[in-house]
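If you're wondering where the values come from, they're calculated on a predicted model, not measured in any experiment. Chain letters run A, B, ... following the sequence lines, proteins first and then strands; every chain starts at 1.
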Amino acid sequence: MITPALPMLLAAVLAGAGVYGVLARRHAVLMLVGVELILAAAGLVLVTTGQVTPDPLASGAVLTLFVITIAAAEIVVALAVVMALYRARGHVDLQHERSES
Amino acid sequence: MSGLDLLFLAVGLLTAASAVLAVTSRVVLHAALWLVVALGGLAGCYLVLGAELVALVQLLIYVGGVVVLVLFALMLTRHGNAPVQASAGHRVLAGVVAAGLTVLLGVTLTAVVGWTRVPVTGPDSTDIGTAIFGTWVWPFELLSLLLLLALVAAVAVARGAGSVEDVGAATEEEP
């Protein structure tokens, strides 16, 4: 027996922390950390729903596995873009003044 | 409060605290390491919820793969004492937006599932495997294509293929 509201609250906190990370970080890689946290919140909601509702297709777990895979592909491409950005501009500062560079 | 609830509360508090530290830490390396704790704690939450397969995949792919990539990217893009955080006003605004989103999501999601205790009736690993290779087989195959595309695209972007210098070098080599 488990209270499904607790995982949902944790998912809300994770999503909030992720949004804060995306909005408040100047370092491009640390902004991606926020994106990862938002995706983790989505996975937690899927798993919780899948575990407390009977489902012959196992949608909650399977969709979470898919989300994890897509997140891995996303972070690989995003980090490649960040590396290309670093080589082209010499920094990964998202709020860099154009006059400074 | 049942035993599972207490267990989830402990693991969940650890996860939430390390997630908040991962987005507020001023040292870039510490932020990445707090992300490890947060994602590992999330795998623990999946275990408490009874989804062992998802917990193991989360541990393998996130803690084993994604975080290593993030750490490599942080080390390769090291750049003096560049500021990591936005200005104070910007941070306050971001905090207000994030807090609002947290309250909104928390109220909505808890209203949907309610505070009553329910039994954990999730599928076991056999059911998940049968479902993946039965109902979900086409999305699964498409995902392998997506991973291949992401691999090729990441190599192409990171090597700078098609950039101006490469085109120049290629044309110079021609007689």
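- With rounding to the nearest 0.5 Å, the separation of CG in A:L39 from OH in B:Y62 is 5.0 Å.
- With A:M8 as the fixed residue, the side-chain contact (heavy atoms from CB on, under 4.5 Å) test singles out one of B:L105, B:L109, B:V112: B:L109.
- Contact count versus chain B (heavy atoms, under 4.5 Å) is highest, among A:G16, A:G21, A:A5, A:A58, for A:A5.
- Options A:T69, A:T48, A:L94 differ in how many heavy-atom pairs under 4.5 Å they form with chain B, and the most are formed by A:T69.
- If you measure heavy-atom distances from B:L76 to chain A, the contacts under 4.5 Å come from both the backbone and the side chain.
- For chain A, the nearby parts of B:T24 are the backbone and the side chain; heavy atoms of each come within less than 4.5 Å.
- Cluster membership check: B:L59 does not share its hydrophobic cluster with B:L47, using side-chain heavy-atom separations under 4.5 Å among Ile, Leu, Val, Met, Phe, Trp and Tyr.
- Annotation for B:L42 and A:A40: closest pair CD2-CB, 3.5 Å, computed over non-hydrogen atoms.
- Residue B:C45 holds its SG atom at 8.0 Å from CG of A:L14, rounded to the nearest 0.5 Å.
- B:V92 and B:V97 fall into different hydrophobic clusters, where Ile, Leu, Val, Met, Phe, Trp and Tyr side chains are chained together by heavy-atom contacts under 4.5 Å.
- With a 4.5 Å cut-off on non-hydrogen atoms, A:I2 touches chain B through its backbone and its side chain both.
- Side-chain contact check for B:W34 versus A:V33: every heavy-atom pair is 4.5 Å or farther apart.
- Put simply, the side chain of A:Q51 gets close to the backbone of B:L49: a donor and an acceptor are under 3.5 Å apart.
- Heavy atoms closer than 4.5 Å to chain B are found nowhere in A:V22, neither backbone nor side chain.
- Linking Ile, Leu, Val, Met, Phe, Trp and Tyr whenever their side-chain heavy atoms come within less than 4.5 Å puts B:M75 and A:V92 in one cluster.
- Within the 4.5 angstrom heavy-atom criterion, only backbone atoms of B:T116 (N, CA, C, O) approach chain A.
- For the atom pair B:S87 OG and A:R26 CZ, the distance stands at 8.0 Å (nearest 0.5 Å).
- Separating the OG1 atom in A:T3 from the CG atom in B:D5 is a distance of 3.5 Å, to the nearest 0.5 Å.
- In terms of heavy atoms, A:P4 sits closest to B:G114 at CG-O, 4.2 Å.
- Taking both residues in full, the closest heavy atoms of A:A73 and B:L146 are given as CB-CD2, 4.2 Å, listed atom of the first, atom of the second, then distance.
- Here the closest heavy-atom approach between residue B:A31 and residue A:L30 is recorded as CB-CD2, 3.8 Å.
- Of the atoms belonging to B:L39, it is side-chain heavy atoms, and not backbone ones, that fall under 4.5 Å from chain A.
- Linking ILVMFWY side-chain heavy atoms closer than 4.5 Å, directly or via other members, places B:V63 and A:L32 in a single hydrophobic cluster.
- Among the candidates A:V62, A:V81, A:L79, A:V19, the residue making the largest number of heavy-atom pairs closer than 4.5 Å to chain B is A:V62.
- The minimum heavy-atom distance between A:L9 and B:G106, with the atom names listed, is CD2-CA, 4.1 Å.
- Of all heavy-atom pairs between B:A98 and A:Y20, the closest is CB-CB, 3.7 Å.
- Under the 30°/60° scheme for interplanar angles, the aromatic rings of B:F140 and A:F66 are found to be tilted.
- Both the backbone and the side chain of A:S59 come within less than 4.5 Å of a heavy atom in chain B.
- Ranked by non-hydrogen atom pairs under 4.5 Å with chain A, the options B:V70, B:V20, B:L151, B:D127 are led by B:V70.
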- Tell me, with the steps shown, if B:V157 and A:M83 meet side chain to side chain contact (heavy atoms under 4.5 Å, CB included). CA-CA 8 Å; B:V157 170; A:M83 295 309 300; over 6 Å; no
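- Using a 4.5 Å cut-off between heavy atoms, A:L44 touches chain B through backbone and side chain atoms alike.
- Note that CD1 of B:I128 and CG of A:L57 are 12.5 Å apart. Values are rounded to the nearest 0.5 Å.
- Most heavy-atom pairs under 4.5 Å with chain B, from the set A:A15, A:A24, A:A28, A:G34: that is A:A24.
- Highest contact tally toward chain B, considering only A:I68, A:V77, A:I75, is held by A:I68 [criterion: heavy-atom pairs under 4.5 Å].
- The backbone N or O of B:V23 lies less than 3.5 Å from a partner atom in the side chain of A:R25, making a donor-acceptor pair.
- B:R91 places no side-chain N or O within 3.5 Å of a backbone atom of A:L23 that could act as its donor or acceptor partner.
- Side-chain atoms of B:S2 come within 3.5 Å of backbone atoms of A:M1 as a donor-acceptor pair (strictly under, hydrogens ignored).
- Looking at A:T64, the atoms closer than 4.5 Å to chain B (heavy atoms on both sides) all sit in the side chain, from C-beta outward.
- Other residues, nucleotides and ligands place more than 12 heavy atoms under 6.0 Å from the NE2 atom of B:H90.
- Residue contact with chain A, scored on non-hydrogen atoms closer than 4.5 Å, involves the side chain of B:I61 exclusively.
- Only the side chain of A:L65 has a heavy atom closer than 4.5 Å to any heavy atom of chain B.
- Here CG of A:D93 is found 11.0 Å from OG1 of B:T77. Values are rounded to the nearest 0.5 Å.
- Between chain A and the options B:L101, B:T110, B:T130, B:T121, heavy-atom pairs under 4.5 Å are most frequent for B:T121.
- The hydrophobic cluster containing A:V76 also contains A:V29, counting ILVMFWY residues as joined when their side-chain heavy atoms lie under 4.5 angstrom apart, directly or transitively.
- Both the backbone and the side chain of A:I70 come within contact range of chain B, with heavy atoms under 4.5 Å apart.
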